[in-house]
Amino acid sequence: MIFYIFFLAFIIILCGRYNIVNGYYIVSKETGFKLAILFIITVSCLRFNIGYDWSVYFSFVYPVYTPQNIGRFEPLSKLIIYCAGTLHQPLILFSVYAIVTYVNIGIIIDTYSESKFEALMLYVCFFYLITLSTIRQAAAASIIFYGFKYIDRKKIFNYILVCAFASLFHKTAMIGVLFYPLYYSSLIICFFLLICTYVCARVLLPAMLKELAPFFLLYLERGGVRDSSGSFQRMVYLFMYIYALIFHRKKMSGILNICTIGMALPFILGGHTGGRLAEYFLIYYCLLIPDCNKRFSIQYRVLFMIPLYAYFFMYLLVSVFANHSNEYVPFRWYFLENLDQKLM
C-alpha cells in the first residue's frame, strides 16, 4: 500500500499545484503533465502480477508461447502476443498495451481538458486500477477515447475508422460507434434509448440467447439490478452523473449524453458485463467532471479531490479482502521477481 501512496503523491507533485494560493509548480504544468503520463506508463510496464488477468496474459508467452489459447483474440492482440512469445519476453506484451493505453489518454486530456491535473487524477483514481486488469479492453477504450477529436470535428468517417481499429484490440470497441449520434442527440433521446436498452437487455436479449447461444446467458445471469458485484462502484458513478447533470455547462451536453448510457449499463447488465462495457462510456467523466468544477473556487476543487483519493485506496483495500489479495497489493516489480515462480 505504501507504493500507491508514493504513486499518487508523485503525480500530484509533478502536475498538481504546489502552492494552492499563488499557483507555484515544481515544474511547468505542461512538462509535469507529460512526466506524469510517462511515470504511469513506466509503472504499468514494469509491474509484476498486478491486475486480475496479468498472470493469464503472462502464461500466453511464458514459459512457452501458446497460440492455441488466444484463438478467440482479435488480430492486433494476437500480433502483440505473438511478438512477445516469439521473443520469449512478456515485458514486450505489457509494455505495448501500457504505451497504447496511457499515451492516448494523455493526448485527449492534454488537448480537451482545461484542468489537466484534475482530469488525470480522476482517471487515475477511478479507472487506472481497472485498466491493469482489463488489458486488451483498456487499450481499445483508450483508442475510442482518442477518437473523440473526430467526434468534436464532425468527421464521422474518421471516427468509424478509429472504432474499427480499436476493435482489432478488443471486439467490444465497436460499441464506440454509438458515441457519435449520442454526442449530437438531446438528453431526452438518451433517456429514451435507456428505456429501449433495458427492454432489450432484460427481455429480448435473453430470449434470443436462449435459442441461439445459451452459453452467453451466464453473463446476463450475473447481471441485472440484483447483481451485487461492484455495487458501491455503481453508486459512485451514479453520484458523479447526478453531479454532472446539475453542474455541467452547455458545451459539455454531448459528453453528458455519452455518460448517461454508461452510467446505466452496470445497473442494467450488472457489475461484470455492464461494468466492462461502461468503461468505454464513463472514461468521458475525465473531461466532464473537471469542466463542471470550473465554476467553483480553486479551494473547492482541491477539496473535491479528497474523495477521489479515498476511493482509490478503498478500491485497493477491497481487493485485499476479496479473496484475491495479490491483485494489486503488494506492488511488485518485474525485474525483481523470479519469472518461473508459480503465480496465483
Side-chain angles (χ1 to χ4, degrees), residues 1-18 20 26 32-33 35-54 98 101-102 105-106 109 115-135 138 141 228-244 263 266 271-272 275-276 278-279 282-283 285-286 288-290 293 299-333 344:
M1 194 70 73
I2 294 176
F3 170 80
Y4 292 102
I5 296 174
F6 165 78
F7 178 77
L8 276 186
F10 192 62
I11 295 174
I12 293 171
I13 291 172
L14 284 174
C15 59
R17 288 180 179 270
Y18 178 69
I20 205 57
I26 300 296
F33 179 80
L35 289 175
I37 294 295
L38 180 60
F39 174 62
I40 292 170
I41 291 173
T42 302
V43 169
S44 304
C45 291
L46 300 181
R47 73 190 193 275
F48 182 86
N49 202 21
I50 301 297
Y52 189 74
D53 281 339
W54 191 97
T101 301
Y102 306 115
I105 297 298
I109 289 178
S115 307
K116 296 179 180 58
F117 168 67
E118 293 174 58
L120 181 61
M121 292 312 301
L122 197 147
Y123 176 80
V124 169
C125 292
F126 281 98
F127 301 104
Y128 175 67
L129 293 176
I130 296 174
T131 65
L132 298 182
S133 293
T134 62
I135 299 170
S228 61
S229 62
S231 297
F232 177 73
Q233 187 179 50
R234 283 183 285 182
M235 296 310 298
V236 171
Y237 289 154
L238 175 60
F239 174 80
M240 292 172 66
Y241 176 77
I242 295 172
Y243 179 84
M263 174 276 302
H272 182 267
R276 293 290 290 264
E279 184 179 345
L282 297 183
I283 197 172
Y285 275 155
C286 298
L288 180 60
I289 300 298
N293 289 345
Q299 287 80 8
Y300 169 86
R301 289 157 63 185
V302 170
L303 292 175
F304 183 87
M305 305 302 291
I306 295 176
L308 303 188
Y309 305 146
Y311 177 88
F312 179 81
F313 288 106
M314 187 179 299
Y315 192 97
L316 288 170
L317 287 173
V318 168
S319 76
V320 171
F321 296 106
N323 298 322
H324 42 76
S325 60
N326 69 322
E327 185 176 346
Y328 299 108
V329 180
F331 189 88
R332 301 159 69 185
W333 293 100
M344 297 179 61

Roughly how far apart are [X] [atom1] and [Y] [atom2], rounded to 0.5 Å?
X	Y	atom1	atom2	value
L122	S115	CG	OG	11.0 Å
T101	I135	OG1	CD1	9.0 Å
Y315	C125	OH	SG	13.0 Å
L14	I40	CG	CD1	9.5 Å
I37	Y123	CD1	OH	8.5 Å
L282	Q233	CG	CD	9.0 Å

>> Please evaluate residues M240 and V236 with respect to the criterion side chain to side chain contact (heavy atoms under 4.5 Å, CB included), reporting the C-alpha separation (whole Å), side-chain torsions for both, the decisive distance (0.1 Å), and the verdict.
In response: CA-CA 6 Å; M240 292 172 66; V236 171; 4.1 Å; yes
Report yes if the side chains of [X] and [Y] come closer than 4.5 Å at any heavy-atom pair, otherwise no.
X	Y	result
R332	R47	no
L132	D53	no
I11	M121	yes
E327	S133	yes
I105	I283	yes
F232	V318	no

>> For W333 together with F3, are the ring centres under 6.0 Å from each other?
In response: yes
>> I want to know whether Y102 and F39 have ring centres closer than 6.0 Å.
In response: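 No.
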> So among I12, V43, I2, which one has a side-chain contact (heavy atoms from CB on, under 4.5 Å) with F7?
Replying inline: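 For F7, the side-chain contact (heavy atoms from CB on, under 4.5 Å) check succeeds only for V43.
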> In this structure, which one of Y237, Y243, F126 forms a side-chain contact (heavy atoms from CB on, under 4.5 Å) with Y285?
Replying inline: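 Of the listed options, the one satisfying the test is Y237.
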Heavy-atom closest contact ([X] atom, [Y] atom, distance):
X	Y	result
A244	I289	CB-CD1, 4.0 Å
L317	M1	CD2-CE, 3.6 Å
C15	A36	SG-CB, 4.1 Å
I50	F331	CD1-CA, 3.9 Å

> Any side-chain donor paired with an acceptor under 3.5 Å for Y52 and T134?
Replying inline: no
> Would you say Y4's side chain and Y328's backbone share a donor-acceptor pair under 3.5 angstrom?
Replying inline: yes
>> Please determine whether side chain to side chain contact (heavy atoms under 4.5 Å, CB included) holds for the pair T131 and E279, giving the CA-CA distance in whole Å, both sets of side-chain angles, and the decisive distance to 0.1 Å.
In response: CA-CA 9 Å; T131 65; E279 184 179 345; 4.0 Å; yes
